Amino acid sequence: MSRPGLFITFEGIDGAGKSSHIEGLAAAFRTQGRTVTVSREPGGTPLAEKLRTLVLNDPMDALTESLLIFAARRDHLLNVIEPALARGEVVLCDRFTDATFAYQGAGRGFDLGVLSTLERLAQTGLAQDPLLMREPDLTVWFDLAPEVAAERLAGARVPDRFEAQPVEFFRRVAQGYADRAAAAPQRFARLDAAQDRHRVWQQLTSVFVRKGWLAIMVASQGGMQ
Ligand code: TYD
């Protein structure tokens, strides 16, 4: 019996802890018989990973940055996300377009109207319905105060261009996520990412159980640090 694909994205400011839960969730879906594709943005294809390296390391203006991010996104959609959804798989993607509105839009102050235009260009003409704009079925938002995220990140690794930004930047990014969530509340599930790892995992799995996408509450914490 074929099941419809599910496109789920994970968002939050750097240090919010989202990445560590994605593999755990993939394992929970696999245990229940689903095929899962785990990916990330910018990235997910050879071309998009090259663009990621440029975006995270080379200084550039906000339009150039946005164009590269959406170019990477289209390649990722065409070659990975759409084919996986067409096969009925679960696609778990670490960041997607909400990150562009939060980081380039709210964080860097880039024009939200231009981002909406790029979003429509990059995310339509992919599936059978030529007018359909591909969007996530669910976006899990790891909401955390920027000050707490900064403490968690301090000394963790060599920061990329975004991680190196001051806390004021992340305050704007966090507000950007809040605005996106307010504009599409049916798509967003907000998690309180200030709680300990196990409680965040419980919040996360209960969202999927409520939706009927995971059959049981998955007891194990899953994922890796
Ligand atoms: P991140 O998920 O933090 O990767 P990692 O945990 O491996 O460092 O993503 C990398 C950075 O890219 C992050 O700081 C946010 C930034 N980013 C944008 O600025 N715009 C976007 O559209 C996306 C997808 C990411």
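In this text, all values refer to a predicted model and were calculated from it rather than measured experimentally. For ligands, and for the atoms within them, numbers begin at 1 and follow the listed sequence.
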Undergrad: Checking Arg87 against Thr35 for the side chain to side chain donor-acceptor pair (under 3.5 Å) test, could you report, in this order, the C-alpha distance in whole Å, the side-chain angles of both residues, the deciding distance, and whether it holds?
TA: CA-CA 9 Å; Arg87 291 190 298 266; Thr35 302; over 6 Å; no

Undergrad: Heavy-atom distance to atom 19 (O) of ligand 1: which of Glu11, Glu41, Gln104, Glu65 wins?
TA: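 That would be Gln104.
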
Undergrad: Below a 4.0 angstrom heavy-atom separation, can you tell me which part of Ile69, side chain or backbone, both or neither, approaches ligand 1?
TA: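 The answer is the side chain.
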
Undergrad: Would Arg73 and Phe70 count as a cation-pi pair here, with the cationic atom under 6.0 angstrom from the ring centre and within 45° of the axis?
TA: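 Pair Arg73/Phe70 counts as cation-pi.
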
Undergrad: Among Glu163, His76, Arg95, which residue places a heavy atom closest to atom 1 (P) of ligand 1?
TA: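 Residue with the shortest heavy-atom distance to the ligand atom: Arg95.
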
Undergrad: For Phe188 together with Tyr177, are the ring centres under 6.0 Å from each other?
TA: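 Judged by ring-centre distance (under 6.0 Å), Tyr177 and Phe188 do not meet the cut-off.
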
Undergrad: Mind checking whether Lys18 has a heavy atom under 4.0 Å from ligand 1?
TA: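 Distance cut 4.0 Å: Lys18 passes for ligand 1.
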
Undergrad: If you count the atoms of ligand 1 from 1 in the order shown, which ones are under 4.0 Å from a heavy atom of Phe162?
TA: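 Taking each heavy atom of Phe162 in turn, ligand 1 has 12 (O), 14 (O), 16 (C), 19 (O) under 4.0 Å.
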
Undergrad: For atom 11 (C) of ligand 1, what's the nearest protein heavy-atom neighbour? Residue, atom name and distance, please.
TA: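 Protein heavy atom at minimum distance: Leu56 CD2, 3.6 Å.
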
Undergrad: Taking the ring of Phe208 and the ring of Phe29, is the distance between their centroids below 6.0 Å?
TA: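 Under 6.0 Å, so yes.
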
Undergrad: So if I apply the side-chain contact (heavy atoms from CB on, under 4.5 Å) rule between Cys93 and each of His76, Glu11, Arg40, which one comes out positive?
TA: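 Looking at His76, Glu11, Arg40, the match for Cys93 under the side-chain contact (heavy atoms from CB on, under 4.5 Å) is His76.
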
Undergrad: Counting non-hydrogen protein atoms only, what is the nearest one to atom 3 (O) of ligand 1? Give residue, atom name and distance.
TA: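 Answer, as residue, atom name and distance: Asp14 OD1, 3.1 Å.
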
Undergrad: Find all atoms of ligand 1 within a distance of less than 4.0 Å from any non-hydrogen atom belonging to Arg73, and give their numbers and elements.
TA: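 Every atom of ligand 1 under 4.0 Å from some heavy atom of Arg73: 22 (O), 24 (C).
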
Undergrad: In terms of atom number and element, which parts of ligand 1 are under 4.0 angstrom from non-hydrogen atoms of Pro42?
TA: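 Listed by number with element, the hits are 23 (C), 24 (C), 25 (C).
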
Undergrad: Could you see which bit of Arg108 sits under 4.0 Å from ligand 1, with heavy atoms only: side chain, backbone, both or neither?
TA: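 Contact part for Arg108 vs ligand 1: neither.
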
Undergrad: To the nearest 0.5 Å, tell me how far His21 NE2 sits from Asp94 CG.
TA: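 His21 NE2 to Asp94 CG: 12.0 Å, rounded to 0.5 Å.
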
Undergrad: For Asp14 and Tyr103, does a side-chain donor sit closer than 3.5 Å to a side-chain acceptor?
TA: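 Note: Asp14 and Tyr103 side chains meet the donor-acceptor criterion.
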
Undergrad: Report yes if some heavy atom in the side chain of Ser39 is under 4.5 Å from a heavy atom in the side chain of Leu92; otherwise report no.
TA: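 Result no, sub-4.5 Å side-chain heavy-atom pair not found.
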
Undergrad: Report yes if some N/O of Tyr103 lies less than 3.5 Å from some N/O of ligand 1; otherwise report no.
TA: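 Among all N and O atoms of Tyr103, none is under 3.5 Å from an N or O of ligand 1.
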
Undergrad: Look at the side chain of Arg34 and the backbone N and O of Gly88, then say whether any donor-acceptor pair between them is shorter than 3.5 Å.
TA: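 It does hold such a pair.
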
Undergrad: Do Glu89 and Thr37 have a side chain donor and acceptor closer than 3.5 Å?
TA: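 Present: a donor and an acceptor within the cut-off.
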
Undergrad: Looking only at protein heavy atoms, which one is nearest to atom 6 (O) of ligand 1, and what is the separation?
TA: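 Nearest protein contact, heavy atoms only, for atom 6 (O) of ligand 1 is Arg157 NH2, 3.5 Å.
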
Undergrad: Out of all atoms in ligand 1, which are within 4.0 Å of some heavy atom of Thr100? Include the element for each.
TA: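 What qualifies from ligand 1 is 21 (C), 22 (O).
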
Undergrad: Mark the output for Arg52 as yes if a heavy-atom distance to ligand 1 is under 4.0 Å, and as no if none is.
TA: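 Distance cut 4.0 Å: Arg52 passes for ligand 1.
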
Undergrad: Where does Asp94 meet ligand 1, judged by heavy-atom distances below 4.0 Å: at the side chain, the backbone, both, or neither?
TA: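 Near ligand 1, Asp94 shows its side chain, while the N, CA, C and O stay back.
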
